[in-house]
Structure formats: structure tokens, C-alpha cells
Amino acid sequence: MTDLRVRIAPSPTGTVHLGLCRTALFNWAYARGRSGAFILRVEDTDRTRSTAESEAAILDGLRWLGIDWDEGPGIGGPHEPYRQSERSESHERVAAQVLESGHGYRCFCTPERLDELRASQEANKETSRYDQRCRSLSREESDRRAAAGEEHVLRFRVPEGETVVRDLVRGDVRFDHAEVDDWIMVRRTGAATYNFVVVCDDIDMRISHVFRGEEHLVNTPKQVLLYGALNEEAPAFGHLPLMLGTDRKKLSKRTGDTALGDYIAKGYPREAIVNFLCLQGWALDGETEVFDTATFVENFDIADVQKAGAVFDPKKFLWLSGDTIRRMPIEELVAEVTPFLEAAGLASAGDVEARREWFERLVAGEQERIELFSELPARVRPFFEADGEVTYEEAAEKNARKHEARAEHLSAFAGWLEERSVAGEFDTESLSAGMKGWVKERELKFPALFQPLRCALTGMPGGRDLGDCITLLGLDRTRSRIEAAIQRLK
RNA sequence: GGCCCUAUCGUCUAGUCAGGCCUAGGACACCAGGUUUUCAUCCUGGCGACGGGGGUUCGAAUCCCCCUAGGGUCACCA
């Protein structure tokens with residue numbers, strides 16, 4: 001009967017938090033998997049903390065994740081505007097209605113009195129709440145004082161009884177109204193509060209399902225009460241388990257990065273971020289850990305969401321990132337990694353384009369060794385260094401020096417390489433095989449040649465196939481590096 | 001502290017709604033082997049959980065109660 005309409009309603013007050021990303025992903029997938037509409041609404045009712053930069057960052061972040069919206073700021077829609085700060089006319093109208101119907105009342109208590117009240121309640125270990133002093137004010141007195149310009153807020157007149165929140169994740173949750181405060185709907189500034197506008201806007205935008213973090217669960221009875229006061233049917237709710245830090249508390253900067261941008265900057269692939277976020281509170285089938293967004297959309301259901309909080313595991317995230325990189329087509333990997341090469345000052349996008357094949361080989365050799373795009377520059381750095389100044393890592397040099405005859409072997413090997421080159425047998429595969437033969441013919445152990453050679457060519461203790469290193473460098477540079485090593489390892 | 005939510009390997013989870021198919025499955029991490037010129041990848045194996053106590057039942061990870069533990073929330077923030 002009612003159209004499926006879900007939304008994400010971020011408040012533009014800071015960075016793009018991973019929790020927001022996951023909530024957006026779940027809402028979006030729910031809509032996309034059921035031909036529903038996905039709406040983006042900016043909750044910028046806190047004028048002092050909201051910024052345009054933050055809003056732009058959130059929109060960019062969501063787009064980066066692959067989330068698109070059918071209605072929202074910038075693209076518009078049938079329920080414009082999609083920025084709460086621009087919807088105050090509607091909010092004022094509803095506020096007047098609530099006051100008129102008696103579901104709301106003016107409260108003239110000063111902030112100071114409320115502060116004192118709260119302080120004394122806390123001192124007496126009582127529940128902190130409004131004492132309803134203005135609730136019984138007559139309508140005449142209320143109108144008179146308001147007309148006289150006395151400052152006031154608008155509170156909701158919570159009736160006796162209880163509210164049952166129907167939650168698609170948790171089932172029915174009951175709240176005794178004795179526990180629900182006569183909450184403020186409109187501030188003395190005239191600006192409406194979150195609990196008020198979220199209901200107004202969700203009604204206006206015909207939102208059918210509200211999926212949000214569990215921290216909102218205790219707000220829900222207030223909102224449900226308002227729907228009732230407005231004679232509107234409340235949407236279906238679903239409160240998602242919190243994403244927890246390793247301290248088991250709400251994910252915060254204390255225990256690690258929380259901003260999407262931090263992970264993008266570190267070089268986590270988009271697919272891995274989405275995949276990992278999906279795994280926080282939801283599972284495909286309990287067996288399959290790696291899946292793409294389309295599969296998620298096809299299979300996601302709010303009823304399958306986990307109830308308990310999910311501790312964020314950076315190790316698993318890193319593994320997923322590495323796994324994603326390993327499965328990436330090489331052209332794509334090169335494209336992803338190029339900005340990091342540029343930032344490290346190793347190569348420009350132009351360089352990469354000019355020597356496409358060489359860069360693809362360079363990157364391919366590290367594909368199974370990196371877990372983040374950002375790890376690549378350090379791993380390929382030797383290929384950009386001057387031949388006589390390759391940085392020898394301590395472990396690599398130590399390995400090389402273990403072999404007494406290193407100079408002779410390197411020298412002889414250099415000669416062999418010349419012959420191979422002349423013979424035209426200088427491809428990676430035949431070189432790799434030939435090198436092994438070279439060692440065996442001389443009845444040596446592999447490390448006798450390979451450790452000094454690896455140090456000479458890359459200065460690293462481990463890494464890609466040496467044949468690959470040689471063809472990547474070419475004969476001349478390989479020779480120069482071997483000659484330099486013979487001197488440097490004396 | 002009040003109210004609310006939650007409770008399966010260290011972590012993410014499958015199984016819980018419709019009790020037997022569960023001597024509880026998968027993944028990450030960890031450990032041990034194997035492959036490999038090295039590192040990494042990859043492969044094989046191992047370690048490892050139903051928070052505790054009562055019920056109900058022929059039978060409970062699954063249903064009920066209590067306890068305990070964790071978390072969330074108590075703003076003129078969202």
C-alpha cells in the first residue's frame with residue numbers, strides 16, 4: 001500500500017563517520033533491493049555546529065562508496081527542500097498545530113532553573129527530567145505571557161500510559177511514559193529540535209522505514225508519541241547494532257580512525273570498505289565473507305541484522321583490503337596506486353601513462369604483497385633509485401655478507417647475464433629458470449647467489465622474483481647495481 | 001543511579017523466530033606443516049565458544065525465569 005521510502009539523515013557537523021556509512025549502506029541497500037526510494041536529507045538544525053564543508057564531505061563520501069540517492073540536496077525531488085534548516089516554515093506550522101491541539105505546551109522556565117533542577121536531581125541520584133512546572137499553566141496565562149514577549153520553549157505533553165516501539169531488528173520494545181520526559185520541541189530561539197524535526201520531515205517526505213543506530217532507540221518513544229499527536233502513522237523502525245571500538249564502546253577516535261577519509265587516505269579499496277562495513281552486523285550466509293555490492297543489495301534484509309554490537313576488527317579489515325587488491329585487474333590497480341606514487345614523488349601520472357607496460361609489471365609484482373594502496377611506494381622505491389645508491393636494508397646486507405664468495409658469484413653472474421642478453425634470452429621466465437640452472441651447475445646453494453644479488457638489485461631482504469627485478473631494471477642498470485654491490489659489500 | 005538494548009571461539013558471524021539434522025559451521029587473528037631463490041601469495045592441519053544458575057521437555061545454543069556482565073541513553077546536540 002505505502003511506497004517504500006527510506007532515508008539517511010546525516011548532520012553535517014564533522015567528518016564522515018564509518019557508522020554513518022554503514023547506516024547509509026543498509027538503508028540504501030534496503031531501498032535498492034526492493035524498488036524503493038532512497039532519500040538524503042541533511043539534518044543541519046544545529047546551526048552552530050553545521051558546516052557547508054562537512055555537508056559536501058558527506059555527500060562526496062557517500063558517492064564515493066557507490067551510494068546514490070533519488071532525492072536530496074542538489075538534485076531536488078518532490079519534497080523539497082532536503083536541508084532541514086530550509087524547512088523551518090513547515091516546522092513552525094506543525095509546532096503551532098501541536099500547541100493548538102494541546103499536545104504541546106509553552107514552558108517559561110529559564111535555562112538556569114533547569115540547570116539547577118538537573119543538578120539537584122543528580123545530587124539526589126534521581127532521574128534527570130523536567131518537573132513539569134509549566135505543564136499546568138492555563139492557556140490564557142500562557143498566551144498572555146507569550147504575547148508579552150516572555151521567552152519560552154515548546155514542550156510535548158507526554159500522556160500517561162506506555163508506548164510500544166515496533167522494531168524490525170529487536171522486536172517490540174516497551175517504554176512506560178513515566179520514563180519519557182516532557183521533551184522540548186522548539187527552542188527559545190524558535191528553532192525546532194532534532195526529535196521534532198525528524199518526525200515532521202519524515203512525515204512530509206513519506207518515509208516508510210527508519211533504520212538508524214541503536215543510540216536512537218531511547219528517542220523513539222518521543223517520536224512515536226508525536227506521530228500519534230499528529231494523527232500520523234509512524235514508520236517502521238529498525239535500530240542497528242552499534243559499531244564498537246576495541247574498548248567495546250561506541251566507535252570513537254580513542255581506539256582508531258573513525259572517518260571514511262582516513263581509510264581512503266590509507267588506500268583501502270572502495271570494495272573492501274563497503275564489504276567490511278556490510279559485515280558489521282550482517283552476514284550473507286555465514287560462510288561467504290567476500291561479496292560485491294550487488295550481492296549485498298540482493299540479499300540484504302533488515303530482519304537479518306544482528307542485535308549485539310559489533311567490535312571493529314582492524315586486522316580483518318586489512319585482510320579484506322589485501323584480498324580485494326589481489327583480485328583487482330592490474331589496470332585498475334595501477335590507476336588506484338598512481339596517486340600514491342605521485343605523492344611519494346616516485347612517478348607522475350604522465351610517467352605512468354608513458355610507460356604503461358613497465359608500470360603494470362612493476363605493480364603486478366607487488367600485488368600479492370600489499371594490503372593497502374599506500375604500501376606500494378615503499379616497496380617499489382628501489383626501482384627509482386640511482387644505481388649506485390640503492391638503500392641497503394640491514395637485513396638484506398647481512399644476508400648478502402653471509403656469503404664469502406659473493407663478489408666472485410656476482411661478477412660471474414653479471415657475465416652470464418651479458419651472454420643471455422646477446423643471445424636474446426632476456427625475458428623474465430627464462431631468466432628465472434636460467435638463474436637456477438646457473439646455481440646448480442656450480443653446485444651452490446640458492447642463497448649463495450640470490451641473497452647478494454637481491455641486495456644488489458633492491459637492497460631488500462625479500463620481495464618479488466629476481467628475474468622480474470632484472471627485466472624491470474634492464475641489463476645496463478642491473479649491471480651497474482651488481483658492480484656497485486661488489487664494491488659496497490667488500 | 002533510572003530506563004532501554006544485548007549476550008555463540010580473542011574478533012566478525014552461521015545456527016535461535018518454526019527445540020532434535022550441532023560430537024556448534026565459516027572467516028580474521030594465532031600456531032604448526034607444505035609449495036616458493038627470498039618475502040608474500042597459495043594449500044593443509046591445529047587451537048578455540050553456546051556467560052552462570054534454575055526450570056519446561058524424551059530432548060535446549062535454541063523456549064521461560066533469575067543472576068551476572070557489557071553497551072546505549074538520560075542536552076534548548078543530532
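Side chains included, hydrogens not; waters and symmetry mates left out as well; all remaining heavy atoms used. To find a chain, count down the sequence lines: A is the first, B the second, and so on, and within it residues start at 1.
- B:rC50 and B:rG33 are spaced 29 Å apart, taking the P atom of each and rounding to whole Å.
- Using a 4.0 Å cutoff on non-hydrogen atoms, the parts of residues 367-378 of chain A near RNA chain B are A:Glu368, A:Arg369, ordered by number.
- Contact annotation: side chain of A:Arg326 to base of B:rU41, donor-acceptor pair absent below 3.5 Å.
- A distance of about 14 Å separates the C1' atoms of B:rG53 and B:rA69, rounded to the whole Å.
- Here the separation of B:rA7 from B:rC63, taken at their P atoms, is 10 Å to the nearest Å.
- In this structure, B:rU44 forms a base pair with B:rA32, meeting either the Watson-Crick or the G-U wobble geometry with both donor-acceptor distances under 3.5 Å.
- Scanning for side chain to side chain donor-acceptor pair (under 3.5 Å) contacts around A:Arg155 gives an empty result, with sequence neighbours left out.
- In this view, A:Tyr82 satisfies the ring-ring contact (aromatic ring centres under 6.0 Å, His included) rule with no residue, not counting sequence neighbours.
- Across the P atoms, B:rA29 and B:rC17 are found 33 Å apart, a figure rounded to whole Å.
- Test A:Phe296, A:Phe211, A:Tyr30 against A:Trp282 for ring pair (Phe, Tyr, Trp, His ring centres under 6.0 Å) and you get one pass: A:Phe296.
- Among the atoms of the strands shown, only primed sugar atoms or phosphate atoms (P, OP1, OP2) are found under 4.0 Å from some heavy atom of A:Gly281.
- For A:Arg129, the salt bridge (charged side-chain N to carboxylate O under 4.0 Å, His left out) criterion is met by no residue, not counting sequence neighbours.
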Extract from the structure each pairing of a protein N or O with an N or O of nucleotides 21-25 of chain B at less than 3.5 Å, listing the distance.
{"residue": "B:rG25", "atom": "O2'", "partner": "A:Glu287", "partner atom": "OE2", "Å": "3.2"}
{"residue": "B:rG25", "atom": "N2", "partner": "A:Gly286", "partner atom": "O", "Å": "2.7"}

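- Within the structure, the ring-ring contact (aromatic ring centres under 6.0 Å, His included) test picks out the following pairs touching residues 155-176 of chain A (sequence neighbours left out): A:Phe156-A:Trp183.
- Searching all strands for a Watson-Crick or G-U wobble partner of B:rG70 with both distances below 3.5 Å returns B:rC5.
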Report summary line: Reading nucleotides 66-76 of chain B from 5' to 3' and marking B where a protein heavy atom lies under 4.0 Å of the base, S where only the sugar-phosphate is that close, and - otherwise, the string is -----SBSSSB
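- With sequence neighbours excluded, no residue forms a side chain to side chain donor-acceptor pair (under 3.5 Å) with A:Lys436.
- Using C1' as the reference atom, B:rU41 and B:rA78 are 46 Å apart when rounded to the nearest Å.
- RNA chain B is contacted by A:Ala310, A:Val311, A:Asp313, A:Lys315, A:Lys316, A:Trp319 of residues 310-319 of chain A, taking any non-hydrogen atom closer than 4.0 Å.
- Heavy-atom distances to RNA chain B give each of A:Thr13 and A:Leu279 a nearest nucleotide, and the one nearer the 5′ end belongs to A:Leu279.
- The stretch residues 397-411 of chain A does not touch RNA chain B, since none of its heavy atoms comes less than 4.0 Å from the strand.
- Between A:Gln306 and B:rA14 there is a side-chain polar atom (N or O) within less than 4.0 angstrom of OP1 or OP2.
- B:rC9 sits 16 Å from B:rG70 when the P atoms are compared, rounded to a whole Å.
- Within 4.0 Å of A:Arg464, counting heavy atoms only, lies at least one base atom of the nucleic acid.
- Salt bridge A:Arg83/A:Glu43: absent, no basic N to carboxylate O contact under 4.0 Å.
- In this view, A:Thr15 satisfies the side chain to side chain donor-acceptor pair (under 3.5 Å) rule with no residue, not counting sequence neighbours.
- Checked against side chain to side chain donor-acceptor pair (under 3.5 Å), A:Arg145 has the following partners two or more places apart in sequence or in another chain: A:Glu141, A:Glu150.
- Cation-pi geometry between A:Lys266 and A:Tyr263 is met: the NZ or CZ atom falls under 6.0 Å from the ring centre, inside 45° of the normal.
- When the C1' atom is compared between B:rU56 and B:rA49, the two are found 25 Å apart, to the nearest whole Å.
- Cation-pi geometry between A:Arg22 and A:Phe26 is satisfied (NZ or CZ under 6.0 Å from the ring centre, within 45° of the ring normal).
- Ring-plane geometry between A:Phe276 and A:Phe317 is classed as parallel, the angle between the planes falling under 30 degrees on a 0 to 90 degree scale with a further cut at 60.
- On the C1' atoms, B:rA27 is 15 Å away from B:rU8, given to the nearest whole Å.
- Sequence order on RNA chain B of the closest nucleotides to A:Glu179 and A:Tyr194 puts A:Glu179 first from the 5' end.
- Of the side-chain N and O atoms in A:Thr45, one or more sit less than 4.0 angstrom from OP1 or OP2 of B:rA78.
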